[in-house]
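Below: the structure, in structure tokens.
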Amino acid sequence: MLRSNPGFQLQAYESNNKIFSDSLKEKPPVAASDSTIVLNNDSVLRTTLDTLHHKDSTMMLVTDTIHKKDTVQLAEDSEIKDVINYKANDSIVYDMNTRRMLLYNTVDVKYQKIKLDANVVDFDWNSFTMGARGTTDSAGMPAGTPVFSEDGKDFKADSMKYNFKTKKGLVYHVVTKEGEAYLHVVSVKKNADETWFGNYAAYTTCDLDHPHFYFKAKKVKIIPEKVMVSGPANLWIGDVPTPLYVPFGIFPVKQGQRSGIVLPEYGQDAVLGFFLRNGGYYWSVNDYLGAKLTGQISTNGTWGLTLASQYALRYQFTGSFSFSLLRTRPADPDLPGQKTTNSYSFSWNHTEDPRSLPNSTFGASVQMQSADFYQESRITDTRLLNTSFNSSISFSHTFVGTPFSLSINARHDQNLLNRTIDFTIPTLRLSMSHITPFKGKIQSEKPKWYENIGIAYSFEIQNRLSTYDSILFQQQSLNKITFGVDQNFSIDAPFKIFKYFTLTPQFQYQERTYFKANNESWNPDTVYTIDPYSRRVDTLNGRIKYDTTWHVNSAHDFSASLTLGTKVTGIFKFKGKYLKAIKHVFTPSISANYHPDFGSDFWGYYKNVQTSANGTISRYSVFDPSAIYGVPTAGKQGALLWNLGNNFEMKTFSKTDSINHEKKLGLLDQVNLSGGYNFAADSLRLLPFNLSVVAARMFNLVNINFNAVFDPYATDSFNRDINQFYLKTNHKLLRFSQANAGINFSLHSKPKATLPPSQAPPKFVGDYVSYSPDQIYNFDIPWNLSMGYNFNITRGTYLKPDTIITVQSVNLRLDFNLTTHWKVALSTGFDILHRQVTLTNLTIVRDLHCWELTFNWTPALPTFNGQQFSIILQPKSATLKDLKVQKKNSLQQF
């Protein structure tokens with residue numbers, strides 16, 4: 001018998017130098033007597049050449065130095081085909097009679113891709129079978145439980161056996177992780193084809209040794225990195241079986257995307273009745289593309305389909321799109337005017353990696369839908385408050401080494417209130433950035449005045465369509481498409497005067513080209529119309545006749561300006577501990593502008609037309625009525641404009657800055673006051689005063705955006721400006737005209753200490769769950785608070801010049817941890833003008849370790865017809881995200 005003492009390590013492999021002869025695998029060698037050789041950790045043993053004979057077996061000890069990295073070599077035709085590295089902290093015992101090897105205490109065995117850690121390992125050379133088991137410590141607790149690793153997979157078990165010859169294994173009470181899931185199996189048999197068969201298995205995404213929930217099945221088959229298939233399975237929660245049974249189970253154990261059935265959610269709605277929604281199938285096309293087809297159906301006959309997809313290619317692009325079709329049946333189809341309606345929704349988002357398109361960019365953000373899609377879908381979140389959508393698709397390219405760049409854009413704007421849709425498809429623009437062609441290659445401290453001359457140019461083509469969503473795909477919409485070409489050229493020459501001032505003369509030229517012409521004429525014929533419902537006869541004593549013809553028509557527009565500006569910086573320092581200084585940047589400017597009267601008959605851009613039977617004459621533009629780039633302005637302008645710009649910042653004490661102990665905080669990014677005087681106008685020469693205040697992040701807490709207009713002139717009974725100063729009629733310097741403001745405030749607590757990498761939750765793989773993600777609440781941030789206040793004030797309406805119209809609203813979003821595992825979230829608002837609460841949602845979330853319990857309630861309000869509530873219990877893991885116990889109901893008020 002050969003025994004090694006603690007710390008002794010051996011390696012076994014095959015080579016031409018043998019300890020065991022070729023017949024070793026058939027007949028065990030017998031050592032001379034039962035002598036024991038003890039190898040100490042610190043000793044070095046040298047043996048002389050010695051041969052031990054037993055029948056036809058031969059054992060040869062090779063002269064060598066034995067230490068921690070010694071090797072044991074086996075015959076070339078042995079079943080073991082590679083190096084076996086093994087060590088034990090206590091001892092390694094070799095029994096030559098039974099051909100067994102025993103390793104004790106913290107055993108580590110490595111063979112090819114296989115690694116085994118256990119407290120006791122037993123290797124039988126007769127059958128090439130290795131067994132492993134754990135022990136108990138002094139307190140009687142399990143210690144050294146076997147952990148078997150192969151191809152990066154870990155299997156934790158009470159005991160196990162593995163045969164190197166058949167490559168089959170048997171494991172008892174095994175726990176392994178497959179993807180995001182954990183498998184607990186009483187006994188598992190591993191075949192040579194890498195498949196596993198288990199008895200009494202539990203599938204869960206809970207990472208505890210005793211999981212909170214699991215699917216329990218009697219027999220399972222596991223194909224690593226693919227799938228686990230089981231017979232009848234039952235869901236257990238808290239070791240209590242639930243009524244949820246499945247005749248068979250298909251559980252994903254593959255990392256990344258995988259195909260599978262999407263379980264629907266069920267509920268009841270006051271309008272839809274009982275319904276099933278968001279159920280269907282997810283198809284993992286490949287590692288770069290996935291698609292999900294889901295549908296919904298309700299007892300009132302409403303049904304819908306949704307096709308969604310995500311795609312990604314590393315270092316190239318990522319994106320997603322979704323198309324939904326909803327066919328809604330009215331609640332009472334027998335009522336007059338009630339009919340089945342169709343609504344749709346389409347979205348597409350695409351992001352291009354800058355590395356894939358050097359010197360170019362491409363992106364898309366598209367959102368289109370029917371005006372009544374959200375209402376017909378019976379959603380209860382803040383999307384219901386959306387009144388408009390816009391989309392854009394853009395591509396740009398910069399020509400390296402030149403001042404030129406190219407951009408192609410498509411845009412869509414949709415108003416859900418008046419159901420109008422505007423398309424700009426496409427806009428092609430070629431630009432030349434500002435260049436200074438006369439500037440010398442060697443810059444001097446005092447350049448010549450002509451070296452500062454700069455020019456810029458742009459060429460743009462645009463197509464536009466404005467229509468209604470109800471006739472979007474009809475021929476009458478296509479007839480409304482308009483085209484236009486716009487060219488802009490500018491030249492300027494800024495230079496310094498009096499050391500601190502910059503004088504900039506500038507000339508701008510614009511040319512607009514349209515392909516339709518407008519002609520208006522008066523038709524004196526009397527027309528009689530009959531209302532089909534009231535049978536009332538209306539008489540029109542003449543009308544304007546509009547005639548639009550295809551005709552290339554260009555308009556030339558130019559202006560000149562002279563601007564004088566400077567910048568003054570003032571720093572006010574303080575001796576206090578916390579407030580160090582306030583910085584004020586003042587940028588005043590004054591400019592003289594000249595613009596000819598392009599409304600005169602000389603240019604031919606405007607004509608006269610009779611507009612009433614009594615002979616009233618008005619002016620109209622001869623260009624396309626839907627002129628994309630506008631038309632030259634009628635009226636001469638020779639104005640003197642001024643602007644006072646201000647910016648405020650502050651420095652405060654900071655502990656994080658170890659050098660200066662200072663940090664900058666924004667106060668007011670922009671405080672501008674502007675106005676002007678038009679010398680060329682025949683009346684109303686003094687221009688309105690405009691005040692704008694912008695604070696992007698005041699004190700890193702508050703965002704402010706404020707604009708106001710003050711008019712120096714009075715108004716008549718129709719709220720039109722008259723050529724009399726407001727000071728003369730009302731003894732006040734300026735008349736308030738309109739103002740709007742938005743104030744947003746956000747504050748949150750410091751996040752909790754982040755978990756170490758070993759305890760951090762895994763990053764979920766993007767699969768079909770990511771197409772319809774629920775709202776995520778972060779328990780690591782104890783509380784979040786955001787508030788917003790918006791108002792719009794307009795003074796004066798038609799026939800009511802002194803009326804003040806005010807629109808005010810307040811919105812609030814708050815979530816906080818009630819306890820460590822309870823979070824409350826509230827989203828609400830208040831319309832101050834109508835004195836009513838806007839759409840409100842209350843959410844209560846309970847963190848159940850591997851599960852999440854969510855309660856949502858939307859009360860009945862004037863902004864939402866009916867109330868809804870839902871209770872959802874679902875796993876937090878993305879793998880079982882669609883496994884949910886949900887109760888949803890809605891009560892509608894009539």
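Nothing here was measured: the structure is a model prediction, and the numbers come from that model. Starting from 1, each residue takes its place in the sequence as its number. We use all heavy atoms of the structure for the numbers below, so side chains are in, but hydrogens, waters and symmetry mates are not.
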Could you check whether any side-chain N or O of [X] sits under 3.5 Å from a backbone N or O of [Y], counting only pairs where one atom can act as donor and the other as acceptor?
X: Thr840; Y: Thr838; answer: yes
X: Asn705; Y: Val694; answer: no
X: Asp711; Y: Pro688; answer: no
X: Ser391; Y: Gln367; answer: yes
X: Asp716; Y: Phe718; answer: yes
X: Ser749; Y: Trp783; answer: yes

Can you name the closest pair of heavy atoms from [X] and [Y] and give their distance?
X: Ala714; Y: Thr729; result: CB-OG1, 3.5 Å
X: Arg795; Y: Asn719; result: O-ND2, 4.2 Å
X: Arg429; Y: Ser431; result: NE-OG, 3.1 Å

Can you establish whether the number of heavy atoms outside [X] located under 6.0 Å from its atom [atom1] is more than 12?
X: Met787; atom1: CE; result: no
X: Phe501; atom1: CZ; result: no
X: Tyr468; atom1: OH; result: no

Does any non-hydrogen side-chain atom of [Y] lie less than 4.5 Å from one of [X]?
X: Leu668; Y: Val693; answer: yes
X: Thr652; Y: Lys663; answer: yes
X: Leu562; Y: Leu503; answer: yes
X: Thr806; Y: Ile832; answer: no
X: Gln508; Y: Asn488; answer: no
X: His434; Y: Asp492; answer: yes
X: Ile844; Y: Arg846; answer: no
X: Phe745; Y: Leu747; answer: yes

Fit a plane to each ring of Tyr344 and Phe323, take the angle between them on a 0 to 90° scale, and name the class: parallel (under 30°), tilted (30 to 60°) or perpendicular (over 60°). parallel
Considering residues at least two apart in sequence or located in another chain, which fulfil the side chain to side chain donor-acceptor pair (under 3.5 Å) criterion with [X]?
X: Ser692; result: Gln670
X: Ser746; result: Arg697
X: Asn646; result: His584
X: Ser466; result: Asp422

Derivation and outcome, side chain to side chain contact (heavy atoms under 4.5 Å, CB included), residues Leu812 and Leu785: CA-CA 8 Å; Leu812 169 70; Leu785 173 64; 3.5 Å; yes
Candidate pair Ile393 and Trp348, rule side chain to side chain contact (heavy atoms under 4.5 Å, CB included), full reasoning: CA-CA 10 Å; Ile393 304 174; Trp348 176 41; 3.6 Å; yes
Gap separating the [atom1] atom of [X] from the [atom2] atom of [Y], nearest 0.5 angstrom:
X: His731; Y: Tyr726; atom1: NE2; atom2: OH; answer: 11.0 Å
X: Thr794; Y: Gln738; atom1: OG1; atom2: CD; answer: 5.5 Å
X: Asn744; Y: Leu701; atom1: CG; atom2: CG; answer: 12.5 Å
X: Ser626; Y: Leu465; atom1: OG; atom2: CG; answer: 10.0 Å
X: Gln310; Y: Ser322; atom1: CD; atom2: OG; answer: 10.5 Å
X: Asp815; Y: Leu826; atom1: CG; atom2: CG; answer: 10.0 Å

Pairing residues for [X] by the side chain to side chain contact (heavy atoms under 4.5 Å, CB included) criterion, not counting sequence neighbours:
X: Ser343; answer: Leu326, Ser370, Asp372, Phe373, Glu376
X: Glu352; answer: Phe317, His350, Ser356, Leu357, Phe362
X: Asn811; answer: Asn790
X: Ser396; answer: Thr361, Ser407

How far apart are the C-alpha atoms of Gln808 and Tyr789, what are their side-chain angles, what is the distance that settles it, and do they pass the side chain to side chain contact (heavy atoms under 4.5 Å, CB included) test? CA-CA 7 Å; Gln808 296 186 80; Tyr789 172 69; 2.3 Å; yes
Evaluation steps, side-chain hydrogen bond (donor to acceptor under 3.5 Å, both in side chains), between Asp486 and Gln510: CA-CA 7 Å; Asp486 183 38; Gln510 182 180 14; 3.0 Å; yes
Please report the C-alpha distance between Asn593 and Ser591 in whole Å, then the side-chain angles of each, then the deciding distance to 0.1 Å, and finally whether the side chain to side chain contact (heavy atoms under 4.5 Å, CB included) criterion is met. CA-CA 6 Å; Asn593 297 334; Ser591 63; 4.0 Å; yes
Can you name the one residue among Arg464, Gln462, Arg411 that meets side-chain hydrogen bond (donor to acceptor under 3.5 Å, both in side chains) with Thr427? Gln462
With Arg735 as partner, the option from Asp721, Asn730, Thr715 fulfilling side-chain hydrogen bond (donor to acceptor under 3.5 Å, both in side chains) is Asp721
How about Tyr677 and Phe679: are their ring centres within less than 6.0 Å of each other? yes
In a check of side chain to side chain contact (heavy atoms under 4.5 Å, CB included) between Trp857 and each of Leu842, Thr843, Asn841, which one passes? Leu842
Can you sort out the partners of [X] under ring-ring contact (aromatic ring centres under 6.0 Å, His included), two or more places apart, ordered by chain and number?
X: Phe395; result: none
X: Trp822; result: none
X: Phe725; result: Tyr713

Applying salt bridge (Lys or Arg N to Asp or Glu O under 4.0 Å) as the test, list every pair that has at least one member in residues 640-649; sequence neighbours left out. none
Is it true that Lys823 and Asp847 make a salt bridge, defined as a side-chain N closer than 4.0 Å to a carboxylate O? no
